[in-house]
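Heads up: the structure comes next, in structure tokens.
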Amino acid sequence: MLQLNYIRENKEEVINRLAIKNFKNADNIINTIIELDTNRKAAQKQADDTKAEANAMARQIGDLMKSGKKEEAEVLKAKTGELKNTEKVLDDKQKSIEAEIQLLLVTVPNLPHSSVPTGKGAEDNTVVLEFGDKPQLPANAKPHWELTSKYDIIDFEMGVKLTGAGFPVYKGKGARLQRALINFFLDRATARGYNEVQPPILVNEDSGYGTGQLPDKEGQMYHATVDNLYLIPTAEVPITNMYRDVILKESDFPIKNCGYTPCFRREAGSYGKDVRGLNRLHQFDKVEIVQIAHPAESYKILEDMKDYVADLLKELGLPFRILKLCGGDMSFGSALTYDLEVWSAAQQRWLEVSSVSNFETFQTNRLKCRYKDDKGKTQLAHSLNGSALALPRIVAALLENYQTEDAITIPKALVPYCGFERIS
RNA sequence: GGAGAAAUGGCAGAGUGGUCGAUUGCGGCAGUCUUGAAAACUGUUGUACCGUAAGGUACCUGGGGUUCGAAUCCCUAUUUCUCCGCCA
């Protein structure tokens, strides 16, 4: 959520930058918000003045009572009735304007960073790095969904029986590979100074709002309605919400957390070949890295996070590329996003395995995550997060890229974690 | 799940209808003293909104109510603690 004061003071700039995100009707919405805010201020002034008057009168009545002047007190009491009514009306007015502002404000996306390229969609993203050689596969190379059944390591049909499509059952060395990847990712992250946390995978409504999944992406989360809890779509939600309503000290920075959780996404509305095999699941495993940063440091940190994820892919020996997303392809809350995609050799396509973003104050404004600066003033912190990494597509690329005639070779870095060198 | 108790500022802990945004202690910050530090002493120390400012308003877990006036009384939700039950 953008800061109202910032919108007021930088109206033209806000409208121009929203254009880069292809946000429709920005001019109209921003002007309406500012106008409503002006009304709100006037309403608050009136309400506050009325309350001040009522408070003064109550004090007077108290004094009169104490000094035994009951009749005078009664006279004043009679006067307060009208004041109370006015108070109620003005309060309601203020509240309804505030609600109106809020309703509009949550529809406005974050402003893109000045380096974000313009563009409409995925085709306009900038490739900032392409790394590694695409492997030459044997003539009869198979896509991962055939390999998984050939070696009996992932059972999609069993998942359908137990739950439904998009909930695979990992078996034998397939299951072990999952565990190996999770441990590998967590070990690397902690070695880089991230503090490992194991958060709940169900969160309440407040947390959903805090990181912005609610209200707009309500339909994308599984909702346990009996207790009004949501299954997390990413560990970003609980880990970032740990800093909801928190005032930090400057010396607390940098705050680096990582965590493994299963992630749950309804993925309502996605069908077709993109969802085959491991390409798109309803439940999957992911290690997430999250930082709360000093605003002056956040872009340096973003680069560092991006480079860290790239290092993971290098260690796994997967060819990858890094994209800087254009305005039209960026997520709602992000100011700058790098996507990391691995080359899936049998599918002959890039698969997104990580998205690393700086949200600047967009999340922390809603979360009320602040710090005291050197002048003792409270300021909003910056929040950043990235996948490091999501498992399914990594597994897909590993299986496809490392396949031989009769086996799948495990990359060196993973062997100590797997306890085997090949799947055959 | 049943019965009872409780929730106050960074922490501890007073406050049971009026001048309480809240006594006090600890912690934090600034200063005095000191070569420096500690100790001691002095001062200061929540957040948000409105206002150029003076100042005003709101917040004592959340929501609602009683009252001229609520941290204080009532209702409700949540959480915590104790006892009982159940249980990985």
Side-chain angles (χ1 to χ4, degrees), chain A residues 1-9 33-105 198-210 214 224-230 238 241-253 255 262 292 361 363-381:
Chain A
M1 197 166 68
L2 294 180
Q3 292 168 266
L4 201 38
N5 279 340
Y6 191 85
I7 295 179
R8 277 196 92 93
E9 285 159 27
I33 288 174
I34 291 175
E35 196 186 314
L36 282 169
D37 189 44
T38 307
N39 295 343
R40 189 207 105 242
K41 285 185 181 187
Q44 179 175 347
K45 181 93 180 87
Q46 278 182 29
D48 282 0
D49 287 349
T50 311
K51 283 177 194 170
E53 203 181 323
N55 285 347
M57 217 175 265
R59 264 192 294 269
Q60 240 180 312
I61 292 172
D63 288 342
L64 289 172
M65 295 290 242
K66 260 191 194 159
S67 50
K69 297 175 184 162
K70 281 235 167 96
E71 310 79 42
E72 288 179 50
E74 288 304 323
V75 173
L76 270 183
K77 266 197 203 182
K79 283 191 193 169
T80 57
E82 198 181 328
L83 227 47
K84 268 185 91 178
N85 285 335
T86 319
E87 208 178 299
K88 177 121 178 57
V89 170
L90 291 170
D91 265 350
D92 288 350
K93 185 177 168 192
Q94 195 189 338
K95 271 185 198 161
S96 82
I97 296 176
E98 270 167 15
E100 236 179 302
I101 292 174
Q102 186 70 12
L103 221 55
L104 282 177
L105 216 47
Q198 202 174 93
I201 57 179
L202 277 83
V203 293
N204 59 28
E205 229 174 343
D206 284 345
S207 295
Y209 278 99
L214 295 173
T225 52
V226 174
D227 297 296
N228 196 25
L229 297 173
Y230 292 87
N241 270 282
M242 296 198 301
Y243 300 93
R244 170 153 48 85
D245 294 319
V246 166
I247 297 181
L248 300 156
K249 294 191 286 273
E250 269 197 326
S251 59
D252 292 333
F253 294 124
I255 294 173
I292 307 292
T361 59
Q363 287 185 329
T364 52
N365 185 29
R366 247 200 248 201
L367 288 163
K368 294 203 173 60
C369 169
R370 294 162 294 180
Y371 70 97
K372 280 208 193 290
D373 68 15
D374 47 14
K375 293 189 189 84
K377 217 171 166 279
T378 40
Q379 307 274 7
L380 291 172

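Throughout, protein chains are lettered first and strands after them, A, B, ... in sequence-line order, and every chain is numbered starting at 1.
Across all strands shown, B:A14 forms no Watson-Crick or G-U wobble pair with both key distances under 3.5 Å. B:U32 is paired with B:A40 under the Watson-Crick or G-U wobble criterion, all donor-acceptor distances under 3.5 Å. Under the Watson-Crick or G-U wobble criterion, with both distances below 3.5 Å, B:G21 has no partner in any strand shown. Nucleotide B:A5 forms a Watson-Crick or G-U wobble pair with B:U80, both donor-acceptor distances falling under 3.5 Å. B:A53: no Watson-Crick or G-U partner with both key distances under 3.5 Å is found in any strand. Across all strands shown, B:A58 forms a Watson-Crick or G-U wobble pair with B:U47, both key distances being under 3.5 Å. Pair assignment for B:A70: none, as no Watson-Crick or G-U wobble contacts are both less than 3.5 Å.
Using a 4.0 Å cutoff on non-hydrogen atoms, the parts of residues 76-92 of chain A near RNA chain B are A:Lys77, A:Thr80, A:Lys84, ordered by number. For RNA chain B, the residues of residues 42-52 of chain A within the heavy-atom distance limit of 4.0 Å (strictly under) are A:Gln44, A:Lys45, A:Asp48, A:Lys51, A:Ala52, sorted by number.
When RNA chain B is scanned 5' to 3' for any atom under 4.0 Å from a heavy atom of chain A, the first and last hits are B:G18 to B:G69.
Residues A:Thr361 and A:Tyr6 are not in side-chain contact: their nearest non-hydrogen atoms beyond the backbone lie 4.5 Å or more apart. The side-chain heavy atoms of A:Asn204 and A:Leu229, taken from C-beta on, include a pair separated by under 4.5 Å. Side-chain contact between A:Asp227 and A:Leu202 is absent, with no heavy atoms from C-beta onward closer than 4.5 Å. Looking at A:Lys93 and A:Ile97, their side chains come closer than 4.5 Å, going by heavy atoms from C-beta outward.
Shortest non-hydrogen contact noted between A:Tyr371 and A:Leu380 is CE2-O, 3.5 Å. Across every non-hydrogen atom of A:Leu367 and A:Gly210, the tightest pair is CG-O, 3.5 Å.
Atom name P, nucleotides B:U34 and B:U24: the rounded distance is 30 Å, in whole Å. Using C1' as the reference atom, B:U78 and B:U61 are 8 Å apart when rounded to the nearest Å. Comparing the C1' positions of B:C11 and B:G28 gives a spacing of 11 Å, expressed to the nearest Å. Taking the C1' atom of each, B:A6 and B:G21 are spaced 23 Å apart, rounded to whole Å. The separation of B:U67 from B:G62, taken at their C1' atoms, amounts to 22 Å, rounded to a whole angstrom. B:G25 sits 8 Å from B:G13 when the C1' atoms are compared, rounded to a whole Å. Distance noted for atom C1' between B:G15 and B:A70: 13 Å (whole Å). To the nearest whole angstrom, the two P atoms, one in B:A58 and one in B:U72, are 15 Å apart.
Although no hydrogens or angles enter the test, the distance criterion places a donor-acceptor pair under 3.5 Å between the side chain of A:Asp252 and the main chain of A:Lys249. Using modelled atom types, one side-chain atom of A:Thr364 and one backbone atom of A:Ala381 make a donor-acceptor pair closer than 3.5 Å.
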Practice item. Start with the C-alpha distance between A:Lys88 and A:Asp92, add both sets of side-chain angles, then the distance that settles side-chain contact (heavy atoms from CB on, under 4.5 Å), and finish with yes or no. Key: CA-CA 6 Å; A:Lys88 177 121 178 57; A:Asp92 288 350; 3.5 Å; yes
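No side-chain donor-acceptor contact under 3.5 Å links A:Gln102 and A:Glu98.
The residue among A:Asp63 and A:Met57 whose nearest nucleotide of RNA chain B lies closer to the 5′ end is A:Asp63. Residue-to-nucleotide proximity on RNA chain B shows that, of A:Gly62 and A:Asn5, the 5′-proximal contact is made by A:Gly62.
Residue contacts shown for A:Lys372 are limited to sugar-phosphate atoms, with no base heavy atom under 4.0 Å away.
Within a 6.0 Å radius of CD in A:Glu250, more than 12 heavy atoms belonging to other residues, nucleotides or ligands are found. Around the NZ atom of A:Lys368, the shell of radius 6.0 Å holds no more than 12 heavy atoms that belong to other residues, nucleotides or ligands. For CD of A:Glu35, the number of neighbouring non-hydrogen atoms (other residues, nucleotides, ligands) closer than 6.0 Å is 12 at most.
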